[in-house]
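Here the structure comes first, spelled out in structure tokens, and everything after it is commentary.
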Amino acid sequence: MSGEGIGFGKAIVFNEHFVVYKIPAIVSAIGKYTLAKVEPVNTSGWKLNDNRKATPRYKDDKIDQQKDSINRIMKKMNIDLSKGGIEITLEGNLYCASGIGASAASCVAIARALSQHFQLTFTDDEINDIAYEGEKGYHGTPSGIDNTASTFGGLIWFEKGENNIMDKIELQNPVEVVMGNTGKVADTTKAVAGVRERKEKNPEKYGPIFDRAENIAYLAKNAFQSEDYREIGKLMNENHKLLQQIEVSSRELDFLVKLARDHGALGAKLTGGGLGGNILALTPGRDLQENVATAIEKEGFQTLKTVIGVRRSEEE
Ligand code: MEV
């Protein structure tokens, strides 16, 4: 047998970091994916061909985390490779960088490819649980938002809990966005740990910030339901301010956020773990999307033009 599977990249539109503390968040899959292929080999154990395109240093920096993640996936799936091994190949059109869900996309893709190869017929919910286990290799204590977007696709309202809440937000029309890559690889585990430390030290400062993040999630959900992009943009700008206050932004992220807004983006914020990685700018319409992307590229940064709010079948 051989197996194949994909996992989508993602962009967190509201409340990364806050989501770790059970504040609701909104995330979208993006129209780029990682593809995993599994083939049998004569040796025991697993080996990996990582052919994904990536920001310089991304793959080297994450190599130990990746090994831990794949071992966790094998264990969770009860796969025994002592008698016959496998080769995993990673490819696809998702360019790996921080903030774009590259780790989650690879966990989901690998889980799906293994499920097919070993004829395990796991459901999407089971794949999501396995990918969550794999994400622990990269994040330590992930909220589960990234693997959920990567597994199910679409625009999702997500709340971490005893049982995570996941509701699809249906848009009539997908909306254009630009992601801008600082080129800096960041460590999500460190970013999350930093927030925890500061929050514990300074609860008077962090309490109101977290309360406002929660309000923003509900306001954003309403704005998405009425497709009020001006309002969503304003809320994204405010969300970025909160992320600055909890100290997960960086000079490069703030620079790209300002650049996007100066060129007409309705809103812009860092997306994902921060301290590097990507920004997300809301740019309804192809012309605005092009203007913002061109401005970012002129400054020497890479962009990704995509849409959010696409239903899964359209994404594949
Ligand atoms: C990382 O993409 C998102 C964070 O909120 C961490 C997590 O939710 O696991 C920073």
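Start at 1 and go down the list; that is how both ligands and their atoms are numbered. Along the sequence shown, residues carry numbers from 1. Nothing here was measured: the structure is a model prediction, and the numbers come from that model.
- Cation-pi contact between Lys32 and Phe8: absent, since separation from the ring centre below 6.0 Å together with deviation from the ring axis within 45° is not met.
- For Glu91 and Lys53, the salt-bridge test fails: no basic side-chain N is under 4.0 Å from an acidic carboxylate O.
- The shortest N or O to N or O distance between Thr141 and ligand 1 is not under 3.5 Å.
- Remark: Lys168 fails to qualify as a cation-pi partner of Trp157 under the 6.0 Å distance and 45° angle criteria applied to the six-membered ring.
- Of all the atoms in ligand 1, the ones that sit under 4.0 Å from a non-hydrogen atom of Pro142 are 9 (O).
- Under a 4.0 angstrom heavy-atom cut-off, Glu135 registers as lying outside contact with ligand 1.
- Neither the backbone nor the side chain of Lys136 comes within contact range of ligand 1; no heavy atom lies under 4.0 Å.
- Near Asp146, meaning under 4.0 Å from one of its heavy atoms, ligand 1 places the atoms 1 (C), 2 (O).
- Per-residue contacts place Ile12 under 4.0 angstrom from the following atoms of ligand 1 (heavy atoms of the residue considered): 2 (O), 3 (C).
- Applying the 4.0 Å criterion to heavy atoms of Ser143 picks out, from ligand 1, the atoms 7 (C), 8 (O), 9 (O).
- The nearest protein atom to atom 5 (O) of ligand 1, hydrogens excluded, is given as His17 N, 2.9 Å; this is a heavy-atom distance.
- Between Lys269 and Glu16 there is a salt bridge, since at least one side-chain N of the basic residue sits less than 4.0 Å from a carboxylate O of the acidic one.
- Partner of Leu259 under the side chain to side chain contact (heavy atoms under 4.5 Å, CB included) criterion, out of Ile296, Val292, Ile279: Ile296 alone.
- For the residue pair Asp80 / Ser82, a side-chain donor-acceptor distance below 3.5 Å is found, with atom types taken as modelled.
- When each atom of ligand 1 is checked for a heavy atom of Gly273 under 4.0 Å away, the hits are 1 (C), 10 (C).
- Atom CG in Leu275 sits 8.0 Å away from atom CG in Leu253 (nearest 0.5 Å).
- Interface of Ile145 with ligand 1, defined as ligand atoms under 4.0 Å from a residue heavy atom, comprises 8 (O).
- Atoms of ligand 1 lying under 4.0 Å from any heavy atom of Val19, numbered from 1 in the order shown and given with element: 5 (O), 8 (O).
- Polar contact with ligand 1: absent for Glu16 (N/O pair, distance under 3.5 Å).
- Against a heavy-atom cut-off of under 4.0 Å, Lys10 is close to the following atoms of ligand 1: 2 (O).
- A heavy-atom distance below 4.5 Å is not found between the side chains of Ile156 and Asp167.
- Salt-bridge annotation for Glu290 and Lys305: present, with a side-chain N of the basic residue lying under 4.0 Å from a carboxylate O of the acidic one.
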